[in-house]
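Beneath this line is the structure, given in structure tokens, with notes to follow.
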Amino acid sequence: RYSCNANFFESSPAMKAKTHQISWHYDADEPKPVFAADFSAEPIVNEDGTTALRLATAGADRTVKLWKIIESGDCDTSVSFLAELRHQSSVNCVRFSPDGTLLASADDDGLIMLWQRDLQHETTANSAGNMVMEEAPDQIEHWRTVARLRRHQNDVYDLCWSPDGSRLLSGSVDNTAIVWSMANHSPVQVIKDHKSYVQGVAWSGRGQQLLTMSADRTARVYNLKLKKKSSAFALETCLASHEVPSEASDLAQAGDASTSKTKRGPKLFVDVTKTTFFRRGAYSPDGSLFLTPAGQRVDSEDRVTYHAYLFRRSYPSKPVLQLPTEEVAIVAKFAPVVFALRPQEETEDLFSNLPYRMIYAIGTSTSVLLYDTQQSAPFAIMANLHLAPISDLAWSKDARTLAITSEDGFCSLIGFGPTELGTQVELPKETETMAAVDNQSDQPTPSKATAVSNRIATATPESPGKAKRRVIPVHISPKTQARPASEATPDSAKSPVSKPTESSATTESSAAKGSPKRITPRRVVPQPTGQSVTETETDAKKPRRIVPSAV
């Protein structure tokens with residue numbers, strides 16, 4: 001069953017929910033749980049010139065399956081089989097790269113596999129008799145393994161691509177999240193902040209922020225930090241507890257600002273006994289907002305209510321909107337496109353600065369709720385579609401189809417009319433790619449006042465004629481007394497100051513030992529003879545003077 005607000009839709013409500021009774025994932029003729037699904041951005045072109053959707057699903061039968069989804073004019077959908085990709089253990093997640101050319105899948109062995117469609121093999125096989133693979137002649141497409149990513153020690157629960165497809169983020173039961181480079185298929189950063197399973201990961205649409213959610217009842221937000229020769233994500237905030245004003249804050253309101261304090265209240269998120277395997281959050285397509293499922297609130301009478309939280313990317317420490325749910329929220333997904341604003345008299349003033357409207361779905365164990373950024377109440381609810389908890393949601397790239405996966409072994413597809421959700425508008429091109437950040441690493445850092453989104457466009461390489469010189473401190477023995485420049489002798493060429501190469505090597509070797517000696521500069525008192533000696537020349541332990549040397 002489903003319900004909707006007819007005043008929301010631009011045309012008469014025509015959306016259709018359908019649970020397809022086919023063997024999505026099975027073993028010994030028994031249906032197995034479906035843990036994840038994702039639509040490809042690359043459409044399937046039929047012989048008659050029409051297009052269809054490509055959907056990937058991951059299940060407990062140790063396979064990834066690819067499906068062809070055909071949308072009809074009356075919001076109905078039809079499904080046909082394309083291919084099957086095999087793992088050695090249960091597959092927990094599957095995600096297409098942003099351009100649809102690569103497919104990543106993760107399993108219970110901690111293995112992440114990257115797949116690519118082999119068009120040459122399909123052409124050869126079809127010409128030989130319309131058989132793509134001898135062991136599975138019913139497969140229409142052939143996908144080959146291009147890489148196997150091994151670093152996690154246990155089950156990998158969730159995956160997310162960077163906006164440009166140059167990075168992949170994974171979360172695992174080994175309490176870590178890893179950022180992988182697609183250039184060499186190796187880890188570039190391992191995040192070890194969580195104390196328990198990492199059950200969900202998300203990547204901002206602008207490429208500058210990560211979200212990880214864990215069974216330790218926290219969500220952590222990481223911001224991209226640009227360094228001289230590299231870039232890495234650093235922890236921005238840890239979302240763990242509600243902030244409750246204390247008695248001191250009441251005094252602060254009365255005029256004593258020094259006593260303004262807050263105390264930690266109940267946990268923001270539910271414990272591990274209230275959820276299934278996943279806590280899958282999501283970022284909006286423009287990267288300005290993000291959603292976290294598995295939220296909770298405890299009132300003064302210790303009654304618990306469940307919520308999903310909506311945060312601003314620029315202010316991730318406190319939610320801007322709490323979305324109540326009857327059961328614990330498991331997954332949240334934004335539609336990948338944006339829509340024109342609805343008339344102001346029909347909306348709430350939630351995000352008045354947004355020039356467009358975004359739609360998002362929240363999945364609980366038994367229902368899916370649809371919201372938009374112009375109202376705090378859901379405009380549609382789909383419930384009782386499955387006999388087991390919902391595990392994942394996936395929007396098609398045109399936002400006309402929403403896929404729902406369940407642990408009962410079946411998937412449901414929700415179809416929408418061409419303008420049923422609204423009029424689509426173009427999203428401003430403000431996405432900053434990880435590849436551009438890597439290219440910017442060797443360029444000079446602009447002023448801090450410059451926006452991060454403008455750094456790549458404004459940074460220019462240094463002039464090749466002006467090479468940088470590094471100044472390295474050089475130790476001078478107390479016996480070696482400095483002379484004025486007018487009295488310099490040829491013997492001064494033998495002083496350590498004239499040997500930057502040796503001093504550089506000495507400094508580097510001492511630093512490599514791990515505990516360099518701290519040197520305190522001492523004031524030098526000029527003497528009438530033209531020479532200068534230290535003020536405490538008679539001390540047993542004389543300080544060493546540090547003279548900068550250009551290297």
Side-chain angles (χ1 to χ4, degrees), residues 3 5 194-197 199-200 202 211-221 237-254 256 259-282 289-313 315-333 347-351 360-384 389-390 393:
S3 60
N5 179 7
H194 284 290
K195 304 289 189 288
S196 187
Y197 310 155
Q199 297 178 302
L211 170 68
T212 60
M213 298 196 66
S214 170
D216 63 8
R217 306 179 74 175
T218 66
R220 296 177 186 267
V221 179
T237 186
C238 176
L239 305 172
S241 303
H242 291 278
E243 290 187 356
V244 179
S246 63
E247 296 179 359
S249 65
D250 297 334
L251 296 176
Q253 293 179 0
D256 187 5
T259 60
S260 178
K261 294 181 179 179
T262 58
K263 63 180 181 180
R264 291 295 179 183
K267 293 288 187 181
L268 269 171
F269 303 102
V270 299
D271 59 47
V272 70
T273 63
K274 300 293 195 304
T275 62
T276 56
F277 302 109
F278 312 111
R279 303 174 188 231
R280 289 171 166 163
L289 304 171
F290 67 89
L291 279 165
T292 60
Q296 69 168 14
R297 287 192 65 86
V298 182
D299 61 16
S300 58
E301 299 180 359
D302 292 335
R303 291 177 299 188
V304 179
T305 55
Y306 302 121
H307 295 76
Y309 299 117
L310 186 64
F311 294 83
R312 287 186 183 272
R313 181 189 62 87
Y315 185 67
S317 58
K318 188 176 181 180
V320 296
L321 199 60
Q322 300 180 18
L323 308 167
T325 57
E326 292 184 1
E327 302 92 7
V328 176
I330 297 171
V331 57
K333 284 291 177 68
T347 64
E348 304 173 39
D349 189 16
L350 297 178
F351 303 99
Y360 51 93
I362 297 174
T364 70
S365 58
T366 61
S367 61
V368 176
L369 300 87
L370 298 182
Y371 294 82
D372 78 343
T373 51
Q374 286 190 280
Q375 66 181 48
S376 58
F379 64 83
I381 301 175
M382 287 77 69
N384 299 330
I390 291 171
L393 301 173

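Just so you know, residue 1 is the first one in the sequence shown, and it goes up from there.
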**Request:** Report yes or no: does Ser214 contribute a side-chain atom to a donor-acceptor pair with the main-chain N or O of Ser196 at less than 3.5 Å?
**Result:** yes

**Minimum heavy-atom distance Arg220-Asp216, with the two atoms named** = NH2-OD2, 4.4 Å

**Prompt:** Can you find a pair of side-chain heavy atoms, one from Leu369 and one from Thr364, that are under 4.5 Å apart?
**Reply:** yes

**Message:** Can you confirm whether more than 12 heavy atoms, excluding those of Tyr197, are under 6.0 Å from its OH atom?
**Reply:** no

**salt bridge (Lys or Arg N to Asp or Glu O under 4.0 Å) contacts touching residues 293-302 (sequence neighbours left out)** = Asp299-Arg303, Glu301-Arg303

**Item:** Main-chain N/O of Phe290 paired to Tyr309 side chain as donor or acceptor, under 3.5 Å
**Value:** no

**Fill in**
d(Leu268 CG, Gln322 CD) to nearest 0.5 Å is 8.5 Å

**Message:** Among residues at least two apart in sequence or on other chains, which ones pass side chain to side chain donor-acceptor pair (under 3.5 Å) with Ser376?
**Reply:** Glu348

**Fill in**
One should read off an interatomic distance between Leu289 CG and Tyr360 OH, to the nearest 0.5 angstrom, of 8.5 Å

**Request:** Go through the structure and list residues passing salt bridge (charged side-chain N to carboxylate O under 4.0 Å, His left out) with Arg279, not counting sequence neighbours.
**Result:** none

**Request:** Would you give the length of the straight line joining atom NZ of Lys274 to atom OH of Tyr306, rounded to the nearest 0.5 angstrom?
**Result:** 5.5 Å

**Fill in**
Nearest heavy-atom approach of Ala240 to Thr218 is CB-CG2, 3.9 Å

**Side chain proximity check, Val270 to Arg217, heavy atoms < 4.5 angstrom** = no

**Asked** Quick one: salt bridge (charged side-chain N to carboxylate O under 4.0 Å, His left out) partners of Lys195, sequence neighbours excluded?
**Response** none

**Item:** Where His307 and Ala329 come nearest, the two heavy atoms and their spacing
**Value:** O-CB, 4.4 Å

**Prompt:** To the nearest 0.5 Å, how far apart are NZ in Lys318 and OG1 in Thr237?
**Reply:** 13.0 Å

**Validation row: Tyr371, Ile362 side chains within 4.5 angstrom (heavy atoms)** = yes

**Message:** Going by the rule side chain to side chain donor-acceptor pair (under 3.5 Å), which residues pair with Ser365 if we only count those two or more places apart in sequence or in a different chain?
**Reply:** none

**Request:** Using the test salt bridge (charged side-chain N to carboxylate O under 4.0 Å, His left out), find all partners of Lys333 that sit at least two apart in sequence or belong to another chain.
**Result:** Asp392

**Request:** Test side-chain contact (heavy atoms from CB on, under 4.5 Å) on Phe311 and Leu239 and set out the steps.
**Result:** CA-CA 11 Å; Phe311 294 83; Leu239 305 172; 3.6 Å; yes

**Prompt:** Taking all atoms of both residues into account, what is the closest heavy-atom pair of Gln374 and Leu350, and its distance?
**Reply:** C-CD1, 4.0 Å

**Request:** Measure the CG-CZ distance between Asp271 and Phe269 for me, rounded to the nearest 0.5 Å.
**Result:** 13.5 Å

**Request:** State the CZ-CG distance between Arg313 and Leu211, to the nearest 0.5 angstrom.
**Result:** 13.0 Å

**Message:** With a 4.5 Å cut-off on side-chain heavy atoms, are Leu370 and Met382 touching?
**Reply:** yes

